[in-house]
Structures are given as structure tokens and as C-alpha cells.
Amino acid sequence: MACRISELVIDAADPDRLAVFWSEVLGYVELGREDDGSIEIGPPDAGFGSPQPTLVLSPSSAPRTGKLRLHIDVNPTDRDQDAELERLFALGARHADVGQTGTENWHVLADPEGNEFCLLHRRLQPLTTGQSVPTGHTST
């Protein structure tokens, strides 16, 4: 293996707001703040370099144009997809239309700043510190 994703950087008009949202979604905690206003969040008791990548919410005033070319997929770990969908709505997510047909078994959502992400159907076991990560990606 040559590389591993260690962190994802998301430009944000309000990094604090997105840090709270994504921390709640993923069960992450704040790991640190930079002088430029960036906030890094990640798994508790693990952080940077763990099997799960951290997220860096970086302040930006640049307007977003068009659909994102990269998005995050999430899977429920301790409940079914319908219950997780309701939890995500309560946290501030909303439906997003990116041209889906309505027959998909995943939901396209947007975070509080409009960044699209998908809630997939398949329930995954939560990771624990030091646990290996299964390979492959599936939307089912």
C-alpha cells in the first residue's frame, strides 16, 4: 500500500457549526484548532493516523458553485437506516437532490452548509481503536 487517507479537509463558512454537526454524526471529538480558524475533529482516543480519517473544517469565504465532486458516505452503526436518517435530520441534515431516481437504497443529504453526503443502507460495526478496516466500498 502506498498511501492512506488520513484526513479530509472541508471548506466551511462556519467551521465551528460544521465541527459540531460532523462530530455528532460521526461520534468524533475536537482534536485541535489552528491559528487560521481550522478545526480538526476525529475519533476519541485515536485522532490523526487512526483507521478512520480526521476531518479538518477550514474557514473559507469563497462561494461554492455547483455539485461537489467528492462527497462523504456514512453508514449507521447502532440502528437501522430509517432511525439514523431521523437522527441526522434532528442534527440539521436535510434532503439533497442531485438527480437520484428515488429507487436508491441510500439517501442523499446535505450538512448545514449544503455539502452533500450519503447515508447508505448497510449497517456497519463501529470501529474500536486499533481495529483493522475492511476493504472495498459498497452502497448496499
**OP:** Starting at OG1 of T54, measure out to CD of E40 and round the result to the nearest 0.5 Å.
**Re:** 3.5 Å
**OP:** Any chance you could lay out the side-chain contact (heavy atoms from CB on, under 4.5 Å) test for E30 and S23, step after step, and finish with the verdict?
**Re:** CA-CA 8 Å; E30 185 175 311; S23 289; 5.8 Å; no
Subject >> P43 to S50 - nearest heavy-atom pair and separation >> reply: CG-OG, 3.6 Å
Subject >> Heavy-atom pair of closest approach, residues P15 and S58 >> reply: CG-C, 4.2 Å
**OP:** Heavy atoms only: give me the nearest G27-P44 pair and the separation to one decimal.
**Re:** O-CD, 3.3 Å
Subject >> R94 CZ to L88 CG distance, which is reported to the nearest 0.5 Å >> reply: 13.5 Å
**OP:** State which residues pass side chain to side chain contact (heavy atoms under 4.5 Å, CB included) with V20; sequence neighbours excluded, sorted by chain then number.
**Re:** none
Subject >> Distance, nearest 0.5 Å, that separates CD of E104 from NE2 of H121 >> reply: 13.0 Å
**OP:** In sequence, state the C-alpha distance, the side-chain angles, and the governing distance for L26 and L55, and then conclude on side-chain contact (heavy atoms from CB on, under 4.5 Å).
**Re:** CA-CA 10 Å; L26 299 170; L55 295 181; 3.8 Å; yes
**OP:** In sequence, state the C-alpha distance, the side-chain angles, and the governing distance for E116 and L109, and then conclude on side-chain contact (heavy atoms from CB on, under 4.5 Å).
**Re:** CA-CA 6 Å; E116 294 95 0; L109 304 171; over 6 Å; no
Original post:
To the nearest 0.5 Å, how far apart are CG in L57 and CD1 in I39?
Top reply: 6.0 Å
Original post:
Taking a hydrophobic cluster as the set of Ile, Leu, Val, Met, Phe, Trp and Tyr residues connected by side-chain heavy atoms closer than 4.5 Å, whether directly or through intermediates, do L91 and W22 fall within one such cluster?
Top reply: yes
Original post:
If you round to the nearest 0.5 Å, how far is CG of L119 from CD1 of I72?
Top reply: 13.0 Å
Subject >> Minimum-distance pair of heavy atoms, taken over all atoms of Q100 and V108 >> reply: NE2-CB, 3.5 Å
Subject >> Side chain to side chain, D16 and R33, heavy atoms closer than 4.5 Å >> reply: yes
Subject >> hydrophobic_cluster_shared for F21 and L8, side chain cutoff 4.5 Å >> reply: yes
Original post:
Within a radius of less than 6.0 Å around CD of E34, do more than 12 heavy atoms belonging to other residues, nucleotides or ligands occur?
Top reply: no
Original post:
Can you get from W106 to V98 by hopping between Ile, Leu, Val, Met, Phe, Trp and Tyr side chains that sit under 4.5 Å apart?
Top reply: yes
**OP:** Verify the cluster assignment for V56 and L31: are they in a single hydrophobic cluster under the rule of side-chain heavy atoms below 4.5 Å apart?
**Re:** no
Subject >> Ion pair check, R122 and D73, cut-off under 4.0 Å >> reply: no
**OP:** Search all heavy atoms of E113 against all heavy atoms of A12 and return the closest pair with its distance.
**Re:** OE1-CA, 3.3 Å
Original post:
When hydrophobic residues are tied together by side-chain contacts of less than 4.5 Å, even through go-betweens, does V9 share a cluster with I41?
Top reply: no
Subject >> Rounded distance [0.5 Å steps], CD in E84 versus CZ in R123 >> reply: 10.0 Å
